[in-house]
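Taking it in order: structure first as structure tokens, then the write-up.
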There are 4 protein chains.
Amino acid sequence: MTEKRSLRVALIGQGFMGRAHSNAYNQVGHFFDLPYRLERTVICGRDTARLDKMAATWGWAETANDWRAVIDRKDIDVVDVAVPNHMHAPIVIAAAEAGKIVLCEKPLANSVEEAERMVAAASKVRTMVWHNYRRAPAVQFAHQLIQEGKLGQIFHYRGQYLQEWGNDPTRPPNWKTDKAQAGSGVVGDILSHSLDTALMLNGPIASLNAMTHTFAPGREIDDAASVTVRFANGSIGTFESSRYAVGCLNRNAFEIHGSKGMLHFDLEDMNRLDFHDATEARNLQGTRSIIVTGPDHPYWKNFWKPGHIIGYEHTFIAALADFVTSLAVGSDFHPDFEDGLAVQKLIAAIQSSAASGTWVTL
Amino acid sequence: MTEKRSLRVALIGQGFMGRAHSNAYNQVGHFFDLPYRLERTVICGRDTARLDKMAATWGWAETANDWRAVIDRKDIDVVDVAVPNHMHAPIVIAAAEAGKIVLCEKPLANSVEEAERMVAAASKVRTMVWHNYRRAPAVQFAHQLIQEGKLGQIFHYRGQYLQEWGNDPTRPPNWKTDKAQAGSGVVGDILSHSLDTALMLNGPIASLNAMTHTFAPGREIDDAASVTVRFANGSIGTFESSRYAVGCLNRNAFEIHGSKGMLHFDLEDMNRLDFHDATEARNLQGTRSIIVTGPDHPYWKNFWKPGHIIGYEHTFIAALADFVTSLAVGSDFHPDFEDGLAVQKLIAAIQSSAASGTWVTL
Amino acid sequence: MTEKRSLRVALIGQGFMGRAHSNAYNQVGHFFDLPYRLERTVICGRDTARLDKMAATWGWAETANDWRAVIDRKDIDVVDVAVPNHMHAPIVIAAAEAGKIVLCEKPLANSVEEAERMVAAASKVRTMVWHNYRRAPAVQFAHQLIQEGKLGQIFHYRGQYLQEWGNDPTRPPNWKTDKAQAGSGVVGDILSHSLDTALMLNGPIASLNAMTHTFAPGREIDDAASVTVRFANGSIGTFESSRYAVGCLNRNAFEIHGSKGMLHFDLEDMNRLDFHDATEARNLQGTRSIIVTGPDHPYWKNFWKPGHIIGYEHTFIAALADFVTSLAVGSDFHPDFEDGLAVQKLIAAIQSSAASGTWVTL
Amino acid sequence: MTEKRSLRVALIGQGFMGRAHSNAYNQVGHFFDLPYRLERTVICGRDTARLDKMAATWGWAETANDWRAVIDRKDIDVVDVAVPNHMHAPIVIAAAEAGKIVLCEKPLANSVEEAERMVAAASKVRTMVWHNYRRAPAVQFAHQLIQEGKLGQIFHYRGQYLQEWGNDPTRPPNWKTDKAQAGSGVVGDILSHSLDTALMLNGPIASLNAMTHTFAPGREIDDAASVTVRFANGSIGTFESSRYAVGCLNRNAFEIHGSKGMLHFDLEDMNRLDFHDATEARNLQGTRSIIVTGPDHPYWKNFWKPGHIIGYEHTFIAALADFVTSLAVGSDFHPDFEDGLAVQKLIAAIQSSAASGTWVTL
């Protein structure tokens, strides 16, 4: 084999997302025949002891503590930002201005203003936002079925992202519960995933009306949100998100009703997509559960065999593979920073509507 | 056995609901040891040919075409109103003023003003609204579990009533799609059931924000509704209803998250109640599906055996049994007309909020 | 309407089955437009006090204690036998010899010899065995799909009838745990239903190998059975039945794999039939859950509306309706006593194979 | 960090299992803090072109074509055998005699005689059989619950391993359909997994009675098997396996009924374990679906977060981690070759019983 060109990656961040990204860099070449070789050049963080262990475990060649110095390095092609939300903008803007390929965790920013500056700074570089759940095979397959017209005219879109960890009073606060660092609570943290998926599957949202709520005493950050929307395509929708949805570990779900059928997905059963085909004979209509590990499902030749399921981490691997492939062929990749900005505008509209109690037009 | 006192029933209505009520009158004494004997004295409707057949089939002793004459009869103790919505008020008010026990199909009326007049007229008689789904064993059992504190503090209430028949373009319009007769579309027709159930399970709604939508070209009646609410107990909720929810024959569902657990119900699987007990050891927590046909579930001794399921019609039978029993012992019965009025106020608030785009306080 | 000819029914039996049959006689004319009017003429049993109450509740015109005297009556057209198994043969034979139409609870008899005498005695009268579960809409629909070739060549048939009540040590013994009265345990009591369904759906069984087991100390009756079979059509199958299957209230289930698809049914969700269509595009294959209350399912016009479910009792009503209809049109009805004998031969073969540990050819 | 001692691994095999094992060697150190460093020293196979690519992709330092030469190398500590079944014995025996740590794919051998020679040869070395599904968190958790007595006295064990690929007539024959290479069909290929799991969860099998069947024209290898068993602990069981179970991609399932509860697992939903607790209040009993990604489930701290699911490959990673850990601490590891031999004896008993039609005592 001829040697592939290398892309030298700097990962900024050493938390849970740093681990998920590290795994993706490690695994992507095992499952996808990529046009580039991804080199784990440097991992950057502030906790040196943990950083050394992380570098040793995941094969990062070097460690660093100063992200500005990392960005200044000429031998870095890619900067991947996986730090708390309030740090996204400065790092991303610096990296983009240094001409790096930039990947950023979601939500893109803590405000529309920040996000717009990030998009502007990155106008000449390739970008990606880590809305990894787009790359669950079931979600890609849902997209394909909708594009093929299998649902007909869409009537209803229902998005949910429900978790329960807010209900645990023994759990200490962290940056995700601090408005200054996180920007918002469930809205940016998890509802942003639902919004990104909805934009891909059902197109732009024209207007919305939202309620947010804080259950935790003494906090100012949203623990829950309910949003009613009108999509540009004439369908209507609802979104719901909570950290107090006891019984839900990680229910990232959607349900879509169209004139020709229904789709339902729940990340807790991410290897399945439910499909109801309303064009069949009436007595044969029912909701079927499709195991989307193949044959003929997205990514099915990359991972294992039909019926041999994949997990959480594979959404990161597939996202990275698609992005890297798009770099070589020069094709569009989504979600890029423009897509992240679109989600950011929805987050802002939700916050605004929740404050005013009125509809907000996008 | 000593002879029981009779209650002589006049059923006004000969449609699908007339059939469901007829069955209930026929069956209630087979499954419940009632304090009264219910006599099917007269069935009243305008289509004489069909009425004769219906009387013969279901054992109504007489037929009649004029509901006013029926109400004037001294030998009628109970008037049961199962006609299109716009006719509820005049018949119910006349029956109540004649001192009859009055049962009325849902929604109680076509406006709050009508409903208030009905409540006033019926202030001295016993009343019932046919929100029969309250009497699904699973729904009563959910109520019992909540009353016992099994869910702790309620955080979220999610109600859905989704059907798909609106999507069938071959289906002719009927009184349910005519605003003059029906008052509203999905909101009164099916969402009213969800609202009634929510009021029983989670108490009063303090404020709400609603969107309604009409998909059918040329119609003015709501085909779909989305409602965000704040309950008086501090929990928040959403309601959704549609006739264009393809894939849903009759999904009358609720999901409730509290600090100690979750409940989920779907009428399409009405013999089951899903319960998640968050007070158990963490590694044993999961959502369990309870078959609510006994032992020790509501009505389990009345119908068949554990594991021998019941159906749609049994909710009417149980509602009627509970109501008739309450007549003898003089106990409260719910939902009575006051409860029906409460639902009516929510329907009006939903219509008002949908028109204004703002929150409405109840 | 012209008056229909009456069929005057004598019900022999006053237990749980007596109640289920009484309900069927009461209800069948409400849901089906029958060629005959079924008169509840007399109910016969030995516990006079309970019998009076039962007659009053369910509308039997008379009571009787002596089944022989009942059979001798000229004003009885139909004798329905719902007593413990060991009493089936004498009553059925006497009724058949008296020229009555005869219905009998399952299993038909306590031995093949008894069953053969019953068939012989009934050679000139119309007969029915109460394998009511054949008439669950889902089971009839499965039969229809198989007849249409929707499963292709059948490979596997898997029947289960699992209950848990044997595990309750506080439960007193009854006639079902007494070999003299019941003939067998789970094999005759519940596995007979599975066998009857299998014969209808997949045709004759050519040979079998069985194990039976008694868990209850001091009993001689089978608490559990496992059977491996070869069907005449070349498919292979398994049957399993138990009263110690903790977690199963009433799991009467089957699963069938053919070259073109799979069917699955479980009585605990009797309004659903699962279907997997293996002729579809590979990426759309999945097991769908069909709610079989219509449109276009068996009996859907008789009961309520699509999505409005039915229950246990409706299987008896539909069985009775089909039988009574067949009387008028002179068509075959199954399961008749010949079908009951076929099941009886399987029961005997299971007992024989379990005793010998070898294969038995039917 | 101090440098860990290395274990230098030779992988013999380059097929699908070679890929799954390669991934495990790559990933195990990322998720588990192992006592040894596993070096991917050499991968051995006969297709040189594919072998080079595989080595490059998965990080094997060298390739080789001659397994005997590999085993002779002094710088190899571990030999992992992932080749067709008929080659297990010669390679394993040579490796064991050379003092290597030996891992072998399942089934251990093609006959009891072979397996016994392998056990004898390996009497002084550490061994493992790749029954990876034992290491699904749900299966380990089931084991834990049974050990804790959560099921009470076991009554029934039901094992299934059902696939559908045999039904595809376009699929070419391969070594798995050739008796000389595979030894058996479904029995060794997939039922062996079910048997291994059963032995772990429910202990030894005392006797069995089996049927095997070949659907494919012109083949002599078993496409399907049904087995009835008596376990040494007094419970009874059934096993079923097929390649013609249309609708089942990879249904590796078990269900266990005990006096205190039920467990159910299906590999197609491998992140879930269903548990029915029969010690609870009767009205709260139901089968719960536990998502076994934590908290407090096996391996939950190794992989991701609660609700973030894992997949097929993680069973290999966990098996390897447990084995390598046992090497360092000197503890027992199961399944070792003795366990593999126990499964082999069951395979032979199944084949013998299927041939004779009689019970076989183990």
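For the numbers below, each heavy atom of this structure counts, side chains included, while hydrogens, waters and symmetry mates do not. A, B, ... follow the sequence lines: proteins, then strands. Residue 1 opens every chain.
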Exercise for review: Assess whether side chain to side chain contact (heavy atoms under 4.5 Å, CB included) is satisfied between N26(C) and Q27(B), documenting all intermediate values.
Suggested key: CA-CA 9 Å; N26(C) 178 273; Q27(B) 287 287 66; 3.6 Å; yes
Review point. For N271(B) and I309(C), what are the C-alpha separation, side-chain angles and deciding distance, and is it a side chain to side chain contact (heavy atoms under 4.5 Å, CB included)?
Key: CA-CA 10 Å; N271(B) 290 273; I309(C) 73 171; 3.7 Å; yes
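Side chain to side chain, H314(B) and E313(C) meet the donor-acceptor criterion of an N or O pair below 3.5 Å.
Atom CZ of F16(B) sits about 6.0 Å away from atom CH2 of W304(C), to the nearest 0.5 Å. One finds the CD1 atom of I290(B) at 11.5 Å from the CG atom of L249(C) (value rounded to the nearest 0.5 Å). Rounding to the nearest 0.5 Å places CG of D269(B) at 7.5 Å from OG of S289(C). In this structure, CZ on R19(C) lies 10.5 Å from NZ on K305(B), to the nearest 0.5 angstrom.
Closest of all the heavy-atom pairs between H30(C) and T57(B) is CD2-O, 2.9 Å.
In this structure, chain B has a heavy atom under 4.5 Å from the side chain of N23(C), while its backbone stays farther away. Heavy atoms of R251(C) lying under 4.5 Å from chain B are absent altogether.
For the set G307(C), G59(C), C248(C), the count of heavy-atom pairs under 4.5 angstrom toward chain B peaks at G307(C). For the set A20(B), G294(B), G29(B), the entry with the most heavy-atom pairs within less than 4.5 Å of chain C is A20(B).
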